There are 2 protein chains.
Amino acid sequence: MIHPSHGGGKVSQVTSAPARTKRPTMVDVAALAGVSVKTVSRVVNNAPYVQPEVAQRVLAAVAELGFRRNHLASSLRSGQATATIGLLIEEIANPFYATIAGAVAEVASEHDTMLLIASSEENPAREQQLLRDLCARQVDGLLVVPAGEDHAFLRSEVERGTPAVFLDRPAGGLPADTVLIDNRGGAHAGVRQLVERGHRRVGILLDSTAIYTMRERLAGAQDALAAAGLADDRLIRYGIRDPETAARVVGDLLDEPDPPTAFFALNNRISLGAVEELHRRGSDAALLGFDDFDLSRLLPYPFTVVAYDTRTLARTAAELLFRRIKGDRSAPRDLLIPTELVNRGLPRH
Amino acid sequence: MIHPSHGGGKVSQVTSAPARTKRPTMVDVAALAGVSVKTVSRVVNNAPYVQPEVAQRVLAAVAELGFRRNHLASSLRSGQATATIGLLIEEIANPFYATIAGAVAEVASEHDTMLLIASSEENPAREQQLLRDLCARQVDGLLVVPAGEDHAFLRSEVERGTPAVFLDRPAGGLPADTVLIDNRGGAHAGVRQLVERGHRRVGILLDSTAIYTMRERLAGAQDALAAAGLADDRLIRYGIRDPETAARVVGDLLDEPDPPTAFFALNNRISLGAVEELHRRGSDAALLGFDDFDLSRLLPYPFTVVAYDTRTLARTAAELLFRRIKGDRSAPRDLLIPTELVNRGLPRH
DNA sequence: CCCCGATCTGACAACGTTGTCAGATCTTCG
DNA sequence: CGAAGATCTGACAACGTTGTCAGATCGGGG
């Protein structure tokens, strides 16, 4: 699978073990510049009251030795401010979380803060361990997309001054800042539109209601159907994990007598499978999906998505976190990010 | 854009400023358990030679106070091992880098290490500052997708024991481990296939040769064309940044007398625009693109991509880094990740 | 001329942890 | 029964930095 390159490496020196010098400290700089460590500290931190010529000498010594302040020691001594926040998500490679990470990184960068990212992989035990680990690293704050249902274990950390903001899903057992998508409202609006267009039988496709967002979306859809007297639990299909299963289930439903004329896919993996199957069959059923996704406009079947701005979700949460870090001690807030309905896909051919 | 939720927040207590207790330290635990700090340290670190009953007392005190070891102080005292590595990429939200980040996070997790991620935003100055900052945080190692051309400033850090592995693009001015995609070989193979299928005029679409990977891909394509005596610089179009421009340039080339019968898009943004335009026109030109992408198989025009496994790229680099962290001092290595040709898109209709 | 404040500098302790070492107790064996 | 080792514990210093404080120097106003 992997093979060494054929001569691309301009290896100037093949000496294997290099110098391995120790890192210079303020003590070394001070010795070289002929001043005390405290003066070095002052210069490095741009503190006032240092004679220009002395500062020059120190800076020269810093440059000569290649000194870099040890951030660990610095934030240990000065108490707070590691200038690092922790982000806990499910899986970095997933585009949804990647977008969140990107937006959070942007806000963090605006506050001269670095980002420690951890993946919970939907495992509550792992989530708990990672959050504890992040706290042990003295992060200034936490952004959490919850995997588990109970976050009471974070209470003591929050009380000890590590603020936490939850996004996309609510925290359990902990009054905390939360930023959520309007899942229920979006699903309601989308399904109501289907109903208004005359659909009476709407197939609902989801994996499970174990996850908060899915419960909300399902509830929104059911509200809209019930409002029109169209609720029918037999049209709800669970256990759909991937596009392939979604395609199969859509096919099964269409093959039944009195099939649905519309489908609501509760996430974009399911939408994708549904698009494939509807396109394959040349069907004319309507399709609504929650979550937009990349390239959706180029897919070979027209459908509507409940879209929202993931970056706004993440930036809102990150900005709220930094307000907390700066000392905002007001009551926890719940914010909702609105959704909109957008048409996607190419026309039927 | 954002509005407060309507009554979803089960705010049990509206008291704004909570207790704000100080974090307990080993001193506190020691006092409560009636032992010395050193014994607490031993228990917390599972060191041998502690009486079981004493360990029990300490653990009870730890639980009662909710003590967590301060990772900063720990790694400051014990020298190395912050159990953190730094990853520098261009932009987290980009799926390519997100995939890299995900794979790196996986390997890091296998080594009980956390991941500090920074975005260079293709800015060499920012890259340099971020890398210095990561070093100041005493990371155990660095994974870098270079933005700049010169990384000589990292030499001292590497010599002082922070190993660095570069991926996707080579480092400049520094003998260092590097893991690259076989850009030249992949482009060569793809274009050779076009030639073998009878194409004599191949339009080449790219942004610029400022980036290493693009130079290599262009060189591979030109090699293949030259080998068949088909090199023609007039068919190379530069300055294509986005799908829209790509679509326009493809249209322009097709409208010329004696138009190309095939196109080679040097990245997936360009491929995407080319697909749209060729589909729109109902063209029958062949299309080759470097980089696969999500949903490519569902796009409405058939094309071939030079594909590679981004996860393998990242995992290979991460595993090499951890070997360095564990003490491997052998000569720097250059590794190449192979590519393959894959057919994508739906048939013409 | 002296005192006062502004400017500049360094000694020292402290952040929370762990490595080193020495001391204490207990077991084991010649 | 005494010596040697194994087991257990704590005092102390140190990691690299910064906050506190006190001391030194200088210019200017009474």
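Everything numeric here is computed off the predicted structure, so don't read it as measured data. Per chain, numbering begins at 1; letters A, B, ... match sequence-line order.
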Requested in this report: Please list, chain by chain and in numerical order, all residues satisfying ring pair (Phe, Tyr, Trp, His ring centres under 6.0 Å) with B:Phe322, sequence neighbours excluded.
Outcome: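 Per chain and number, B:Phe322 pairs via ring pair (Phe, Tyr, Trp, His ring centres under 6.0 Å) with B:His111.
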Query raised in the report: What's the closest nucleotide to the A:Asn70 side chain, out of D:dG16, C:dT18, C:dG16?
Result: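 Of the candidates, D:dG16 comes closest.
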Query raised in the report: Looking at the side chain of B:Ala73, which of C:dG16, C:dT9, D:dT17 is the nearest nucleotide?
Result: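 Nearest listed nucleotide: C:dG16.
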Rounded distance in Å - [atom1] ([X]) to [atom2] ([N]):
X: B:Arg57; N: D:dG10; atom1: CZ; atom2: P; value: 8 Å
X: B:Arg68; N: C:dT17; atom1: CZ; atom2: P; value: 11 Å
X: A:Gln138; N: D:dT17; atom1: CD; atom2: C1'; value: 16 Å
X: B:Leu76; N: C:dG16; atom1: CG; atom2: C1'; value: 9 Å
X: B:Leu72; N: D:dT18; atom1: CG; atom2: C1'; value: 14 Å
X: A:Met26; N: D:dC15; atom1: CE; atom2: P; value: 15 Å
X: A:Asp28; N: D:dT17; atom1: CG; atom2: C1'; value: 13 Å

Report task. With the side chain counted from C-beta on, respond yes when A:Val62 and A:Val58 share a heavy-atom pair under 4.5 Å apart, and no when they do not. Result -> yes
Query - Test item: A:Val44 and A:Phe67 side chains (from C-beta on) under 4.5 Å apart, heavy atoms - result: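 Yes, their side chains come closer than 4.5 Å.
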**Report entry** salt bridge (Lys or Arg N to Asp or Glu O under 4.0 Å): pairs with one or both residues in residues 82-93 of chain B, sequence neighbours excluded
**Finding:**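 Listed once each, the pairs are B:Glu90-B:Arg169.
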Requested in this report: Sort and list the pairs that fulfil salt bridge (Lys or Arg N to Asp or Glu O under 4.0 Å) and have at least one residue in residues 104-114 of chain A, not counting sequence neighbours.
Outcome: A:Glu106-A:Arg311, A:Glu106-A:Arg315, A:Glu110-A:Arg315
Report summary line: 5' to 3', nucleotides 19-25 of chain D under a 4.0 Å protein heavy-atom cut-off (B base, S sugar-phosphate only, - none) gives BB-----
Query raised in the report: Which comes earlier along DNA chain C counting from the 5' end, the contact point of A:Pro48 or that of A:Val37, where each point is its nearest nucleotide?
Result: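 Upstream on the strand: A:Pro48.
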Return no unless some side-chain N or O of [X] is found under 4.0 Å from OP1 or OP2 of [N].
X: B:Gln51; N: D:dT7; answer: no
X: B:Thr39; N: D:dG10; answer: yes
X: A:Ser41; N: D:dT17; answer: no
X: A:Ser74; N: D:dT18; answer: yes
X: B:Tyr49; N: D:dC8; answer: no
X: B:Thr25; N: C:dG16; answer: no

Query raised in the report: Can you list the residues that meet the side-chain hydrogen bond (donor to acceptor under 3.5 Å, both in side chains) rule with B:Asp177, with sequence neighbours excluded?
Result: B:Arg324
Query raised in the report: Residues two or more places apart in sequence or in another chain: which of them pass salt bridge (Lys or Arg N to Asp or Glu O under 4.0 Å) with A:Arg69?
Result: none
Query raised in the report: DNA chain D: A:Arg23 or B:Val54, which has the more 5' nearest nucleotide?
Result: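 First, find each residue's nearest nucleotide; the 5'-ward one identifies B:Val54.
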